Amino acid sequence: MPIDFKALEEKWRREWEKARIFESDPIPDRRKCFVTVPYPYMDGPLHVGHGFTSTRVDIYARFRRMQGYNTLFPWAWHWTGEPIVGAALRLKRGDESMIRALKLIDGVSEEELEKLTDPAYMARYYTEDSKEVLKRLGLSIDWRREFHTTYLEPTYSRFIAWQYETLRSKGFVTKGTHPVVWCPHDESPTGDHDRLEGEGVSPEEYTLIKFRIANAFAPAATFRPETIYGITNMFVNPDAPYVEAFVDGERWIVSQKAAMKLKEQLRKVEVLREFKGSELVGKTFEEPIGGRSLPILPGWFVDPESATGLVYSVPSHAPVDWVAIRDLLEKPEKLQVFGISPEVVRSIKPISLIKVEGYGEHPAIEIVERMGIKDQLDARLEEATNEIYRKEFHTGILKPICGKYAGRLVSEVKAELIQEFKDAGIADSMYDLPRRVVCRCTTPCIVKILEDQWFLKYSDQDWKALAHKAVDLAAIYPESARSYFHQTIDWLRDWPCARRTGLGTPLPWSDDWIVETLSDSTIYMAFYTIRKHIVAYGLNEKQLTNEVFDYIFLEKGNLEEISRKSGLEASLLKEMRNEFLYWYPVDLRNSAKELIRNHLTFFIFHHVALFEQRHWPRGIGLNGYLMIEGAKMSKSKGNFVTLKKAVNSYGADATRLTLALGAQGMDDPDWRTSTAQEVRSRLEAFYNFVMELSSLEVKASNGHLEAWILARLQERIKQVTEELEALRTRSAAEIAFYEVWNDLRWYLRRVKAPDAATLKEFLGVWIRLLAPFIPFICEELWHRLGNRDFVSNAPWPLYDAKKVDEKALETERFLKDLLEDTQRVLQATGLKPRLVSYYTAAAWKYKAYRELLRLVGDGITDMGAIIRKLREDPYLAERSRLLPSFVNKALEEAKKLPKDRMRKLLELGFLNELEILKDASAFLADELHSTVIVYDEDDGKKYDPKNRASSARPGRPAIYVE
RNA sequence: GCGGAGGUAGCCAAGCCUGGUCCAAGGCGCGGGGCUCAGAACCCCGUGGCGUAGGCCUUCGUGGGUUCAAAUCCCACCCUCCGCACCA
């Protein structure tokens, strides 16, 4: 019978809302559980990836709630940042692909489309849309605490202002300068996601070696300043524009482009005159180490867009330099234009300065020849350069010509050398992009050094130490993620925490800056605790002074005074303080693993900076990144599944269970339509199955099969509980759903008439085990089973060791094994059995086996020794002749037995196999479609034409099939 | 380049930390059977190879090693994936 999941889910959603069962208030003396997920950014609809993370947390929350924890799961919305503004803007401009995506994927209607050009409207639109979906998904959220970020929610902005003023007063916010990739058109930093070209490119610092030409400096740019010891000449692009300019008071010669760039790097630049590169060619300059006078040669490979547009030449170690010189040697006519004598070039001798394994004197020349490089514009030069650079950097040793640096590794001395050159005034530096970067707005980017930039001082060693400590104190799920946090803490540098554009909260002391999006989302879990009061009492931002927050979160200040100044009742302040104290710390914050490197670690940093240790995070969970049909989810690729669509197509429970079964730990789950469909039909089957069973009214004996199924159930309770406590939601769902089902299947197969009372108990437990995963169906079934309260609030099943009937478990295990053995025989022989005879082992074999197990347990595994030992027993000695063949097989088996099972066997004693088989013979006959007879090996009247009975062993009766 | 994670049967995916119960859970798919007027659902059996008796042989990226015993521990190699920041 098909089930109307939609109506069922709708019904229970309303019931839960009506009964307000997920609205959590402090209950003194009751243990609490506070779980959160990062609030989603509202530039689009929620997708199944959001569903994955939040379902995991909801499963955990529901589990804890049933365990009796007063559980709080709040939710909020992130509006801070640039993308919402950007999206609204693109829409306004009529971006076609954007409009298509909005209509097709997000399901936006025509009349809404126009309104979405307002960023605030867009954020609100998606927020409303998403909230509805989350409710339909069955998340057990306390919606009274909902909020969104930015100045559009002044009380939140006030909270952020308090946070930043406090951080600043503690010295965690500092002002500094910093190079960024900059779009001159947008006048803002261009992050990776805002680029048309140049993903992953970041500013690199070039060293400038200052060469003297007459009364000016020609700063040539390099990443390898150590090669100065092998300089032979300089290259200038004769066709490119250069300038002479005052740079910070010095007369410099650089490319025209470089002069512009330097201006953006806090240099005072005053251009004196412009000229073509050819003007420099043929002149000489003085190198600063040996004071030699060297020539300037034409180099068409020199890119005036890169750094200073001046390159010094080290033909021994730089393939391009060598090839450029070779070009000039081969085509001296090119020199004549500039009036340079070919003799000048011919007299250039490469100077070797780095010794590197696998190469001789002049690595650059060798590689150029080996690769057969044509000329200075050959594309493979880049490859050659990389190869030489890498080799020389990691393994190269500087030669005696390098003076005080001789004998050391290049990689070792580089930083030191740069510093000393700078100190000596022969070097300087500038930033540039190693590759072209183009902004979304199509403008090529440059490097700009931002002044007055505000930073969170994550480089602070004391702060890092506290963060490390917080990670050590927290539970991390899975444990393997812990080291990621430590690494991230070490790796983190100062973080620019304010931007000029986008939505957000202004910096309280400088309102032309907005607190950046990753920086305004670090401690808002604390805000949840008091958001309830802000809404209920209609508090406004003016009342929420710094003193008020200080009191609530830090218990600072005098209550009466704060009350008087803020106009808030002292009792209310106290209530808020208590609410915070009750819920804090966060017991679990769960997110996708990619947030470790930013958000989650920021979250830790800010907590240790602001709160007492008892309020630091207690648990952090990580999960993988959701894939769609095996591929990364992306709107442009079209494989984007919104949460709404999933819930519409499969229903909330099927969506939840599909997600829960998807993956565990930090593995990436894969959303597949086929899986979701399968899960949905399994759920239908599950529902019908339970309904069918619950209506059975069979009064049956309370035999060992009932003991077995209930014992089995206890094991499952234990497993599911342990898995959930460790946030292993996948295993938990798998056991609760499939394994329990399999147990029940076996019971029903075994038992002729299932016992109604046992089934009732079983179903009651099963439904509760499943309630965190598929709450709607479970709620329905729970009520249909005659319960009047909500399963969402029902007590979680407790493992009861008293119900674990070991004998029953062993008995069924024995039968399953025997059935399996029999089937193997049938398979091997291809027989369709008419008669199956079983022979249980003779009494002496049990005695011998027990003794053997004991000996093996004591570490005696030598066959001869064991037989001798057994013969000491007169009873066994009588069967001396039979012992070897029995011991041979039994020993082999016993050696493989795991220790705890061996112990159990010895403790429990052996089963009465003959009796068990006699009881089960009808069942076995049924299963095997055959007559089944059972004998004791010692039975004198047994039917045993092929003398199989002698191979019977304890636990493994002999089998004869015909 | 630097740092990290991982490679398990047709597919997805457990196990690996703490070696033996591992030819290796569970699910999907596939084959066979049952139920049924038929189908779907459901139930049972099978799904590396060989085998007329519960067994044997070969398998857990590749190649070595440790061990009585290795998917599990050690070493080397091959391959895949992720992060490397001003941004949600």
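Model, not experiment: these values are computed from the prediction. Basis for what follows: all heavy atoms, side chains included, without hydrogens, waters or symmetry-related copies.
- If you take CD of A/E927 and P of B/rG34, they are 15 Å apart, rounded to a whole angstrom.
- Taking a pair to require two hydrogen-bonding distances under 3.5 Å in either a Watson-Crick or a G-U wobble arrangement, B/rU36 remains unpaired.
- For B/rA85, there is no paired base (Watson-Crick or G-U wobble, both distances below 3.5 Å).
- Between A/H599 and A/Y524, the ring-plane angle classifies as tilted under the 30° and 60° cut-offs.
- In this structure, A/P957 reaches the bases: a heavy-atom distance under 4.0 Å links it to at least one base atom across the strands shown.
- A perpendicular orientation is assigned to the rings of A/F640 and A/H47, their planes being inclined by more than 60° (bins at 30° and 60°).
- Atom-to-atom, CE of A/M627 to C1' of B/rA13 comes out at 15 Å; the value is rounded to the nearest Å.
- Counting to the nearest Å, the C1' atom of B/rA85 and the CG atom of A/L456 are 14 Å from each other.
- Counting non-hydrogen atoms under 4.0 angstrom, A/A958 reaches a base of the nucleic acid.
- For A/E684 and B/rC42, the CD to P distance is 10 Å, given to the nearest whole Å.
- The separation between A/F686 atom CZ and B/rA41 atom C1' is 16 Å, rounded to whole Å.
- Remark: B/rA69 base-pairs with no nucleotide; criterion is Watson-Crick or G-U wobble with both hydrogen-bond distances under 3.5 Å.
- You'll find the ring centres of A/F605 and A/F172 outside the 6.0 Å limit.
- No contact: A/D43 has no heavy atom under 4.0 Å from any strand.
- In terms of modelled atom types and a separation under 3.5 Å, the side chain of A/Y431 and the main chain of A/I446 share no donor-acceptor contact.
- In this structure, A/R499 is not positioned above the aromatic face of A/W513 in the sense of NZ or CZ being under 6.0 Å from the six-membered ring centre and within 45° of the axis.
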Heavy-atom contacts, protein to nucleotides 22-29 of chain B, under 4.0 Å, summarised as B (base), S (sugar-phosphate only) or - (none) per nt, yield ---BSSS-

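- Within the nucleic acid shown, A/T80 comes within 4.0 Å of sugar-phosphate atoms alone, with no base atom in reach, counting heavy atoms only.
- The base-pairing partner of B/rU80, taking Watson-Crick or G-U wobble contacts with both distances under 3.5 Å, is B/rA5.
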Protein-nucleic acid N or O pairs under 3.5 Å, nucleotides 46-53 of chain B:
residue	atom	partner	partner atom	Å
B/rA53	N6	A/V961	N	3.2
B/rA53	N6	A/V961	O	2.5
B/rA53	N1	A/I959	O	3.4
B/rA53	N1	A/V961	N	2.8

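- Separating the OH atom of A/Y484 from the C1' atom of B/rC84 is a distance of 13 Å, rounded to the nearest angstrom.
- Pairing of B/rG26, defined by two Watson-Crick or G-U wobble distances under 3.5 Å, is identified with B/rC12.
- Across all strands shown, A/E479 has no heavy atoms under 4.0 Å from either base or sugar-phosphate atoms.
- Using a 4.0 Å heavy-atom criterion, one finds that A/L826 contacts no nucleic acid atom at all.
- Of the candidates B/rC87, B/rC42, B/rA5, B/rC42 carries the atom nearest the A/A685 side chain, counting heavy atoms from C-beta on.
- Taking atom C1' on both nucleotides, B/rU72 is separated from B/rG20 by 11 Å, rounded to a whole Å.
- For A/D494 and A/N598, each mapped to the nucleotide of RNA chain B holding its nearest heavy atom, the one lying further toward the 5' end belongs to A/D494.
- For the pair A/L626 CG and B/rC82 C1', the computed distance is 16 Å after rounding to whole Å.
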Before giving the answer on side chain to side chain donor-acceptor pair (under 3.5 Å), spell out for A/E812 and A/W746 the whole-Å C-alpha distance, their side-chain angles and the decisive distance to 0.1 Å. CA-CA 9 Å; A/E812 290 311 294; A/W746 177 255; 2.9 Å; yes

Derivation of the salt bridge (Lys or Arg N to Asp or Glu O under 4.0 Å) call for A/E678 and A/R672: CA-CA 10 Å; A/E678 168 63 21; A/R672 285 180 192 274; over 6 Å; no

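- Comparing B/rU18 with B/rC87, their C1' atoms sit 42 Å apart, to the nearest whole Å.
- Of the candidate nucleotides B/rC84, B/rC45, B/rC87, B/rC45 has the atom lying nearest to any side-chain atom of A/R749.
- Atom P of B/rA9 sits at a distance of 15 Å from the matching atom of B/rG63, rounded to the whole Å.
- In this structure, of B/rA5, B/rC43, B/rG54, it is B/rC43 that holds the atom nearest to the side chain of A/W741.
- No contact: A/E594 has no heavy atom under 4.0 Å from any strand.
- Nucleotides B/rG1 and B/rC16 are separated by 32 Å at their P atoms, to the nearest Å.
- When the P atom is used for both B/rC30 and B/rC11, the distance is 15 Å, rounded to whole Å.
- Looking at heavy-atom distances under 4.0 Å, A/R493 makes contact with a base.
- For the pair A/R682 and A/W741, the cation sits on the ring face: its NZ or CZ lies under 6.0 Å from the ring centre, inside 45° of the axis.
- Comparing the P positions of B/rA69 and B/rU59 gives a spacing of 16 Å, expressed to the nearest Å.
- B/rA25 and B/rA14: their P atoms are spaced 14 Å apart (whole Å).
- Remark: A/R589 is positioned above the aromatic ring of A/F603, its terminal NZ or CZ atom under 6.0 angstrom from the ring centre and at most 45 degrees off the axis.
- A cation-pi contact, defined as under 6.0 Å to the ring centre and within 45° of the axis, is absent between A/R953 and A/F886.
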Show me, pair by pair, the donor-acceptor contacts under 3.5 angstrom made by side chains of residues 823-833 of chain A, not counting sequence neighbours?
residue	atom	partner	partner atom	Å
A/T829	OG1	A/V825	O	2.8
A/T829	OG1	A/L826	O	3.4
A/T829	OG1	A/L831	N	3.3

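- By the 5.5 Å and 30° criteria, A/W491 is not stacked with the base of B/rG83.
- Between B/rU47 and B/rG54, the distance separating the two P atoms is 16 Å to the nearest Å.
- A salt bridge links A/E479 to A/R482: one of the charged nitrogens lies within less than 4.0 Å of a carboxylate oxygen.
- Atom CG in A/L518 sits about 14 Å away from atom P in B/rA85, given to the nearest Å.
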